[in-house]
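Read through the structure below, which is laid out as structure tokens, and then see the notes.
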Amino acid sequence: ANISLTPPIAMWIRRRCAPTCDHDPEKGGTVTQIGPFEGARALLRGCRYATLATLAEDGGPFATLVAVSADARGCPLLLLSDLARHTANLAHDPRASLLLDGSEGAAARLAAPRLTLTGQVARLDGAVEEERRRYLARHPDAERLLGLADFRFYRMVPDAGHLVAGFGRIDAIDAQTLLVPVALARDLAAMEQGAIDHMHADHADAIDLLADHDGARIAALDADGLDLLAGPSPVRRNFAGRLDAAVQLRAAMVEVVRNA
């Protein structure tokens, strides 16, 4: 299977562009199925690289390519060098825009999905173990950068998103829709390691199926899906829709394995 995440993101959004809603009390509530907002969340979780636009001291725009991951709520995580110009720009003015491009590998790139975020980027000081784990789940080769004194983690807190899912398919999305609610992210964090340990102990074959790789492992999970490592390669598997409650996690895991 193709481990490159970006082309599957585009196909996943095109196949599942109509929003529907299913209610199942045994799953703990309503699971919202794929629509334009879920497509934006797929880009937010699945894109490993993005264009970061910052403002220089003279007010002019400056765009660079950066590696990106996401925290439990979906806020983009960046690992930036103190020596980089974009880092100096953020120290002067934290306002920024991030373009998550799902068009790589598409024959008609302008017809493929992309998401532009606007917001502010701040350096993370103090304990960053959670951010480090989630970043390395998407960029395992970045471990070597963490040993360098000038690299630090930053988080973008979006205030809005602009989704272009294809010609004439444009949606403005607020941050509340893009991001996982704080309480849900907290509830999932409390059960995340137990769920991962259970899958590794009792369902290793299912993990290998999801990653299409023997000996794969789950590096992180969130309300939108799973981050796996197939050897040195990261693999993203999204749930059918964002969880509304932590109690839905088991059913979502069963469904994503069934559909692999």
Side-chain angles (χ1 to χ4, degrees), residues 1-18 20 22 24 26-29 31-35 38-39 41-49 68-72 74 102 104-106 113 133-143 180 184-185 187-260:
N2 187 356
I3 292 178
S4 174
L5 265 288
T6 312
I9 291 174
M11 292 186 289
W12 187 75
I13 292 173
R14 286 198 297 270
R15 286 198 307 263
R16 313 191 71 166
C17 60
T20 62
D22 295 328
D24 186 341
E26 294 183 3
K27 295 180 182 179
V31 178
T32 303
Q33 300 302 316
I34 305 304
E38 291 296 333
R41 293 166 182 164
L43 289 166
L44 191 61
R45 296 288 189 183
C47 287
R48 298 177 60 233
Y49 296 93
V68 64
S69 182
D71 68 10
E104 182 182 349
R133 180 176 68 88
R134 290 190 178 275
Y135 190 87
L136 291 177
R138 305 295 293 137
H139 300 279
D141 57 344
E143 183 81 52
V180 174
L184 175 55
D187 291 346
L188 283 172
M191 60 193 302
E192 179 184 12
Q193 193 57 55
I196 292 174
D197 291 345
H198 168 71
M199 289 294 292
H200 286 164
D202 296 343
H203 304 289
D205 55 341
I207 297 173
D208 291 349
L209 177 65
L210 288 172
D212 193 27
H213 188 279
D214 291 340
R217 63 186 181 88
I218 300 173
L221 63 83
D222 52 68
D224 297 309
L226 307 169
D227 288 315
L228 304 102
L229 289 174
S233 301
V235 176
R236 177 72 187 180
R237 288 288 189 177
N238 289 309
F239 298 144
R242 173 169 288 175
L243 307 184
D244 294 320
V247 70
Q248 296 174 335
L249 178 61
R250 183 181 182 279
M253 297 274 279
V254 170
E255 183 177 15
V256 78
V257 171
R258 183 188 304 125
N259 293 334

Just wondering, do [Y] and [X] contact through their side chains at under 4.5 Å, heavy atoms?
| X | Y | answer |
| --- | --- | --- |
| R48 | R236 | no |
| L43 | P113 | yes |
| L243 | L188 | yes |

Legend entry - For D187, all residues meeting side chain to side chain contact (heavy atoms under 4.5 Å, CB included), sequence neighbours excluded: A246

Inset, instruction - Check side chain to side chain contact (heavy atoms under 4.5 Å, CB included) between A220 and all other residues, then give those that pass, not counting sequence neighbours. - result: R133, R134, A137, E192, D227

Legend entry - Pair R258 + E255, salt bridge at N-O below 4.0 Å: no

Restricting to non-hydrogen atoms, name the atom on [X] and the atom on [Y] that form the minimum distance, rounded to 0.1 Å.
| X | Y | answer |
| --- | --- | --- |
| L210 | R237 | O-NE, 2.7 Å |
| R45 | D71 | NH1-O, 2.7 Å |
| L136 | E143 | CD1-OE1, 3.2 Å |
| L229 | P234 | CD2-CA, 4.0 Å |
| D222 | F239 | O-CE1, 3.4 Å |
| I207 | A216 | CG2-O, 3.5 Å |

Legend entry - Check: V180 main-chain N/O paired with R41 side-chain donor or acceptor under 3.5 Å: no

